[in-house]
Amino acid sequence: MLDPALLKNDLETLKLNISRRNLNVDIDFLINLNEERKKLRFEAEQKRSEQKEIGKEIATADDKSKEGLLSQASSISNEVKALFEKVDQKDEEFFNNWVKIPNIISETSPDGKSDSDNLEIKKIGNIKEMKNPRDHLEIASKLNLIDVEKASEVSGSRFAYLFGDLVKIEFNLVSWALNKLSDKGFTPTVPPVLVRENALYGTGFFPDDAEQVYEIPNDDLFLVGTSEVPLAALHTNEILNIKNLPLRYAGFSTCFRREAGTYGKDTTGIFRVHQFDKVEMFSFCDPVKSKEEHEFILSVEEELLQALEIPYRVVDVCAGDLGASAAKKFDIEAWIPSQNTYREVTSCSNTTDYQARRLNIRAKDEGSTSVLHTLNGTAIAVGRILIALIENNQNTDGSVVFSDKVAEIIGVEQLGK
RNA sequence: GGAGGGAUGGCCGAGCGGACGAAGGCGAUAGUCUUGAAAACUAUUGUAUGUAUUCCAUACCGUGGGUUCGAAUCCCACUCCCUCCGCCA
């Protein structure tokens, strides 16, 4: 949620943002609504004040004057009730509209409508020459390391069994990443993966992306699609001392996504599945330092990919491709030989104060309190890293051999042979 | 799953219909004293909204409703925590 004060102080920014995001919003309607609710509240509060005055008199009044005061108080009480009902209505109307406005996009993010307008910042790593590269599923199925057919019998499409060395690699990757992140000040965290509705609203996944979220109706719980959700919600309603910022967490969790509306897209293997494991970085940050923090998180992502010798490019996500809560976002796309293109393996966003305001997380600095900034970024999305590792290190005979350095990290020298 | 008990400010803890934004203590901050420190004493000590940094108003005593002229205090529902029993990785 944006600061409603924008309607008063910085209309230009608001208008510019709405046009950059290609939205159609009636600003004047919102301005009026906001003014109206404030005016109504003021009236209601004045009446309330009157009521309290009389209440005090009643407490000390003698029996004679009491009766008159009581009837007077009674009618004021009714007025107050009616006035506040109106105020609540207006408030609700205003905020229902206001929360729908997405975050203000950073000045530095490129304009554009879709992911094809994203701006490539750099390319890193050597792409190996390959004749007819195989895709990860073909390679791993043959080696009995992945089984999607059995998984679809057991659980449906977009599920997979991982076996043997792939599982070994997964756990080595995770523990390697957690150690690295821990050295950089991230607290390793295993968060709950079932959360209440509120956490999803607070992080901006609800209401917009509600159709991507699995629901457990019996218990009013939802399966998270990323540990960003429980990590962000960790400090809900808290006031953090600015001296202790940034507070950094590295969350490991399984992630669940319905992938509604993606029929026919990425149907091969484990690129897009309903369930995968991920190490996620999350930072609660001093607002004036969030830009630096964003660069830092991006640099960590790059460091991990470089250590794994995965060729990648970094992309500055354009205005039209940003989610509601992001002010700026960098994606890293790894080279996927079988697709002859780069595909997303990590993503890091500066959500500025958008989530913090919804979750009511603030920072305290020498007496004054302000909203803080939150940022998130992928450290290791296990499935997609496995794909990149398998495909980029494949040989023509269907085996996969890793360099000594990579093998040291993942604990496996080769697949097959 | 069954049976009980509880939720008050940064923390502990009183209040159980009217002057309560809330006693008292601890902690924190500032001052006095001291060469310096400690101790002692004094003062301050939540958050948010309203064009409102010291004045004013309003809201907030787990959350949401209700009763009442008036609710931290009474009633209802929910959430969370604790104890005991059962079950369980």
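Lettering follows sequence order; numbering is per chain, from 1.
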- [ ] Respond yes when some side-chain nitrogen or oxygen of T369(A) is under 4.0 Å from OP1 or OP2 of A48(B), and no when none is.
- [x] yes
Open item on the list: Nearest whole Å is fine: how far is A48(B) P from M1(A) CE?
Closed with: 14 Å
Open item on the list: Can you check the distance between G21(B) and A3(B), where both ends of the measurement are the P atom (answer in whole Å)?
Closed with: 40 Å
TODO: For I58(A), report the nucleic acid contact type (base, sugar-phosphate, nothing); a contact means any heavy atom under 4.0 Å.
DONE: base
Task: Whole-Å C1' distance, A38(B) and U32(B) - done: 15 Å
Task: Distance, C1' atom - from A40(B) to G62(B), rounded to whole angstrom - done: 40 Å
Task: Side-chain donor-acceptor pair present, T187(A), T189(A), cut-off under 3.5 Å - done: no
Open item on the list: Is any side-chain heavy atom of F284(A) closer than 4.5 Å to one of P246(A)?
Closed with: no
Task: Separation between the C1' atoms of G9(B) and A23(B), rounded to whole Å - done: 13 Å
Open item on the list: Apply the syn/anti split at 90° from 0 to U51(B) and say which one it is.
Closed with: syn
Open item on the list: Quick one, K328(A) and S349(A) - any side-chain contact, counting heavy atoms below 4.5 Å?
Closed with: no
Open item on the list: So, does S77(A) get its side chain near the phosphate of U68(B), meaning an N or O under 4.0 Å from OP1 or OP2?
Closed with: no
Task: Residue whose nearest RNA chain B nucleotide is more 5′ - I239(A) or K8(A) - done: I239(A)
TODO: Examine A48(B): is either OP1 or OP2 under 4.0 Å from a nitrogen or oxygen in the side chain of R362(A)? Give yes or no.
DONE: yes
Open item on the list: Distance check needed: A48(B) P versus L359(A) CG, whole Å only.
Closed with: 16 Å
Task: Interatomic distance at P, U54(B) relative to G50(B), whole Å - done: 15 Å
Task: Protein-nucleotide distance (D88(A), atom CG; G64(B), atom C1'), rounded to Å - done: 12 Å
Task: Candidate list N376(A), V371(A), L372(A), test side-chain contact (heavy atoms from CB on, under 4.5 Å), partner T374(A), passing option - done: L372(A)
Task: Residues forming a side chain to side chain donor-acceptor pair (under 3.5 Å) with Q46(A), sequence neighbours excluded - done: none
Open item on the list: Rounded to whole Å, please give me the gap between CG in N360(A) and P in G46(B).
Closed with: 18 Å
TODO: Would you please say whether a donor-acceptor pair under 3.5 Å links the side chains of Y354(A) and H373(A)?
DONE: no
- [ ] Please state the P separation for the pair G65(B) and G10(B) - nearest whole angstrom.
- [x] 23 Å
Open item on the list: Just N and O in the side chain of K364(A): are any of them under 4.0 Å from OP1 or OP2 of G46(B)?
Closed with: no
Task: Salt-bridge contact R48(A)-E43(A) (side-chain N to carboxylate O under 4.0 Å) - done: no
Task: Touch class at under 4.0 angstrom, heavy-atom based, for Q51(A) against every strand present - done: sugar-phosphate
- [ ] Check the distance between A28(B)'s P and N241(A)'s CG and give it to me in whole angstrom.
- [x] 15 Å
Open item on the list: Regarding K38(A), tell me which of base, sugar-phosphate or nothing describes its non-hydrogen contacts under 4.0 Å with the strands shown.
Closed with: sugar-phosphate
Open item on the list: Is there a side-chain contact between V401(A) and E413(A) in this structure, where contact means two heavy atoms from C-beta onward sitting under 4.5 Å apart?
Closed with: no
Open item on the list: Within the 4.0 Å heavy-atom criterion, would you say A59(A) contacts the bases, only the backbone, or no part of the nucleic acid?
Closed with: base
- [ ] First locate atom SG of C348(A), then atom CG of L375(A), and finally report the distance between them rounded to the nearest 0.5 Å.
- [x] 8.5 Å
Is there any protein nitrogen or oxygen under 3.5 Å from a nitrogen or oxygen in nucleotides 52-59 of chain B, and what are the pairs?
from   : atom 1 : to     : atom 2 : distance (Å)
A57(B) : O3'    : S49(A) : OG     : 3.2
U58(B) : OP1    : S49(A) : OG     : 3.3
U58(B) : O2'    : E45(A) : OE2    : 3.3
A59(B) : OP1    : R48(A) : NE     : 2.4
A59(B) : OP1    : R48(A) : NH2    : 2.8
A59(B) : OP2    : K52(A) : NZ     : 2.8

Task: Rounded distance in Å - CD (E36(A)) to P (G50(B)) - done: 16 Å
TODO: Give me the one residue out of F256(A), F206(A), F205(A), Y201(A) that meets ring pair (Phe, Tyr, Trp, His ring centres under 6.0 Å) with F222(A).
DONE: F206(A)
Task: Interatomic distance where CG belongs to N237(A) and C1' belongs to A7(B) [whole Å] - done: 16 Å
TODO: For RNA chain B, just give me the dot-bracket, please: Watson-Crick or G-U, both distances below 3.5 Å, ( ) intra-strand, [ ] crossing earlier pairs, | paired with another strand, . unpaired.
DONE: ((((((((.[[[..)..(.....]]]((((((.......))))))(((((.....))))).[[[[[..)....]]]]])))))))....
Task: Salt-bridge present (E138(A), K142(A); N to O < 4.0 Å) - done: yes
Open item on the list: Taking the C1' atom in each of A7(B) and A14(B), what is the distance between them to the nearest angstrom?
Closed with: 15 Å
Open item on the list: What's the gap between C61(B) and G17(B) when it is taken at their C1' atoms, as a whole Å value?
Closed with: 15 Å
Open item on the list: Distance check needed: A48(B) P versus E238(A) CD, whole Å only.
Closed with: 15 Å
- [ ] Examine C80(B): is either OP1 or OP2 under 4.0 Å from a nitrogen or oxygen in the side chain of R196(A)? Give yes or no.
- [x] yes
